[in-house]
Amino acid sequence: MTFRFTRLLASAAAAVSALTLSGCALIQSNVAGTTLSILEDGFTPPVLTLSDVEMGCGFSMINTPLVGAARNFYGDPSLMETVMLSSAGVCSENQAITEEMRYLRASRDKRADEALDARITQKRLLATAAERQYTAFLRMKLKLQQKYYFKYGEECPRFKRDFDEMVYLLGSVGGLQAMQNDIASQQAVGVPTDIAPQVERAMNCLDNVKWWGVPQAARAVVWSIIPGADAGKDVQGTFDTAMGIGEHKGVRLAHVMAAIAAQSTDNKPRLRSVIQRFSTAENFKPSTEYRLLDAIAQSQITNISDRMWTQNAGTRTPVGSLGKFWDDKAGADIDAGSFLN
């Protein structure tokens with residue numbers, strides 16, 4: 001009798017303990033979910049209105065680990081992580097460009113050790129960017145598939161929130177960037193190249209006008225980088241249409257994609273044309289809601305221009321001269337010494 005009573009007490013204690021632990025987990029999950037909702041709906045919109053890319057980078061670099069810690073409290077921060085890792089990838093890309101320009105200057109001056117060191121550093125930074133962007137892609141893909149019960153690249157989800165659509169877009173573009181940066185870093189991360197056709201199909205699920213022409217521009221990037229994928233496609237026309245939408249909507253990410261495509265095919269006249277179009281868009285007004293994304297586009301176009309200027313003239317693009325070049329009349333009239341006075 002005593003033995004049975006003891007077993008009954010033990011069973012009751014175990015049941016109470018299990019209920020208590022599951023109750024704590026439920027409370028923690030609710031708290032984590034509420035916190036993530038506040039971050040998604042309350043913190044992200046103001047950050048996207050910033051025009052300071054470095055501040056956006058700093059915010060992402062500092063807060064991504066903090067957001068990821070929500071997993072310890074039974075939350076799933078994958079969507080926020082996608083946004084922040086995408087931004088953090090831009091930070092690494094910007095640093096990599098700086099090292100590439102150091103490499104170009106050292107090569108011009110025949111400083112072999114300096115050039116080699118810069119190239120090594122550049123590849124390390126590109127690997128970091130690729131890893132962040134690939135993680136962003138995976139976080140987006142797995143979370144949204146779980147949330148909307150679809151297969152990425154084969155079916156279209158029925159989005160309930162603009163935030164989820166934006167994450168889908170940023171994560172998909174991040175996947176393309178991860179693939180390209182990984183190739184440039186000698187495949188240090190091992191990003192699979194089948195991301196490109198997945199993204200090409202997935203972009204048909206988004207409203208091209210609503211999202212600044214980026215979905216179709218992303219598809220055109222894939223057509224440009226995969227041999228034979230451009231057959232029967234109007235690649236330049238697609239980019240031109242996408243850039244026009246971006247100029248009208250106030251976010252010029254499509255211009256960056258057009259420039260990257262021109263750069264990857266070594267089409268220098270087209271690359272110059274895209275940079276000039278970016279810098280001279282008539283009556284352009286950046287989106288107030290997504291100002292940071294247009295600022296990121298401007299920093300990336302400036303990086304591309306800086307690379308061209310450094311390769312050919314030894315310096316970055318002179319102040320106020322984006323869209324001008326070292327060998328045209330506008331470029332020839334620039335007196336670099338005047339900036340030192």
Side-chain angles (χ1 to χ4, degrees), residues 47-61 87-109 111 114-115 118-119 121-122 125-126 129 212 243 246-247 250-263 267-288 290-341:
V47 171
L48 290 174
T49 66
L50 294 174
S51 60
D52 189 327
V53 175
E54 286 190 21
M55 190 174 291
C57 275
F59 178 85
S60 296
M61 298 281 285
S87 178
V90 171
C91 309
S92 299
E93 284 184 344
N94 287 344
Q95 292 173 317
I97 285 288
T98 297
E99 291 301 321
E100 183 177 1
M101 288 187 289
R102 182 164 71 93
Y103 162 79
L104 291 170
R105 287 191 294 271
S107 297
R108 286 170 62 90
D109 295 341
R111 290 179 285 125
E114 179 79 2
R119 185 63 94 188
T121 306
Q122 177 197 0
L125 288 165
L126 288 172
W212 328 299
M243 287 190 285
E247 290 161 5
V251 177
R252 294 168 290 179
L253 288 174
H255 296 65
V256 178
M257 295 180 173
I260 290 172
Q263 191 172 252
N267 189 338
K268 293 182 176 64
R270 172 66 172 170
L271 181 55
R272 288 191 182 210
S273 173
V274 170
I275 294 172
Q276 287 171 336
R277 176 168 180 165
F278 184 96
S279 61
T280 60
E282 192 173 353
N283 300 320
F284 176 75
K285 293 183 180 178
S287 166
T288 54
Y290 296 104
R291 180 69 181 87
L292 181 60
L293 297 181
D294 186 71
I296 288 172
Q298 181 159 1
S299 76
Q300 291 181 315
I301 284 287
T302 302
N303 284 341
I304 293 170
S305 175
D306 284 348
R307 179 192 289 117
M308 295 170 68
W309 269 87
T310 301
Q311 194 167 23
N312 290 277
T315 70
R316 300 170 191 252
T317 310
V319 176
S321 297
L322 185 64
K324 300 174 184 175
F325 300 97
W326 57 93
D327 57 353
D328 58 24
K329 188 177 186 304
D333 288 342
I334 296 168
D335 178 11
S338 66
F339 294 109
L340 303 176
N341 295 332

**Test log, rule side-chain contact (heavy atoms from CB on, under 4.5 Å), inputs L292 and V47** = CA-CA 7 Å; L292 181 60; V47 171; 4.2 Å; yes

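- By the 4.5 Å heavy-atom criterion applied to side chains, R270 and V274 are counted as neighbours.
- Between M101 and W309 the shortest side-chain heavy-atom distance does not fall below 4.5 Å.
- Proximity of L50 to F59: side-chain heavy atoms (C-beta onward) are nowhere separated by under 4.5 Å.
- Side-chain contact, Q122 with Q95: no donor N or O sits under 3.5 Å from an acceptor N or O.
- By the 4.0 Å N-to-carboxylate-O rule, E100 lies close enough to R307 to be salt-bridged with it.
- R252 has its side chain within reach of Q298: a pair of non-hydrogen atoms, C-beta onward, lies under 4.5 Å apart.
- For the residue pair M61 and A88, the shortest heavy atom distance occurs at SD-CB, 4.0 Å.
- In this structure, D109 contributes its side chain and R111 its backbone to no donor-acceptor pair below 3.5 Å.
- Across every non-hydrogen atom of A259 and L271, the tightest pair is O-CD1, 3.5 Å.
- Nearest heavy atom pair, residue F284 against residue E247, reads CD1-O, 3.4 Å.
- Of the candidates T98, T317, T315, D306 forms a side-chain hydrogen bond (donor to acceptor under 3.5 Å, both in side chains) with just one, namely T317.
- The shortest heavy-atom contact between G320 and K324 is O-NZ, 4.1 Å.
- For the atom pair CZ (F278) and CD (Q300), the distance works out to 9.5 Å, reported to the nearest 0.5 Å.
- The nearest pair of heavy atoms linking E99 to L125 is CG-CD1, 3.8 Å.
- Under the 4.5 Å side-chain criterion, counting only non-hydrogen atoms from C-beta, I275 is in contact with I301.
- A side-chain N or O of N94 and one of N303 form a donor-acceptor pair less than 3.5 Å apart.
- Between K285 and D294, none of the side-chain N atoms (NZ, or NE/NH1/NH2) sits under 4.0 Å from a carboxylate O, so this pair counts as no salt bridge.
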**Request:** Evaluate side-chain contact (heavy atoms from CB on, under 4.5 Å) for Q276 paired with L322, printing each intermediate quantity in order.
**Result:** CA-CA 7 Å; Q276 287 171 336; L322 185 64; over 6 Å; no

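- Distance check: L253 CG to M257 CE gives 6.0 Å after rounding to the nearest 0.5 Å.
- Note that OG of S279 and NE2 of H255 are 9.5 Å apart. Values are rounded to the nearest 0.5 Å.
- Note that CD of Q311 and CG of L104 are 5.5 Å apart. Values are rounded to the nearest 0.5 Å.
- At least one donor-acceptor pair closer than 3.5 Å links the side chain of S299 to the backbone N or O of I296.
- Counting only heavy atoms from C-beta outward, the side chains of N312 and F325 never approach each other to under 4.5 Å.
- One distance of note links CZ of R291 with CG of D52; it measures 10.0 Å at 0.5 Å rounding.
- When all heavy atoms are compared, the tightest approach of V256 to A297 is CG2-O, 3.5 Å.
- By the 4.0 Å N-to-carboxylate-O rule, R105 lies too far from E114 to be salt-bridged with it.
- One finds the OH atom of Y290 at 7.0 Å from the CG atom of L48 (value rounded to the nearest 0.5 Å).
- In this structure a side-chain-to-backbone donor-acceptor pair under 3.5 Å is missing from S287 to V251.
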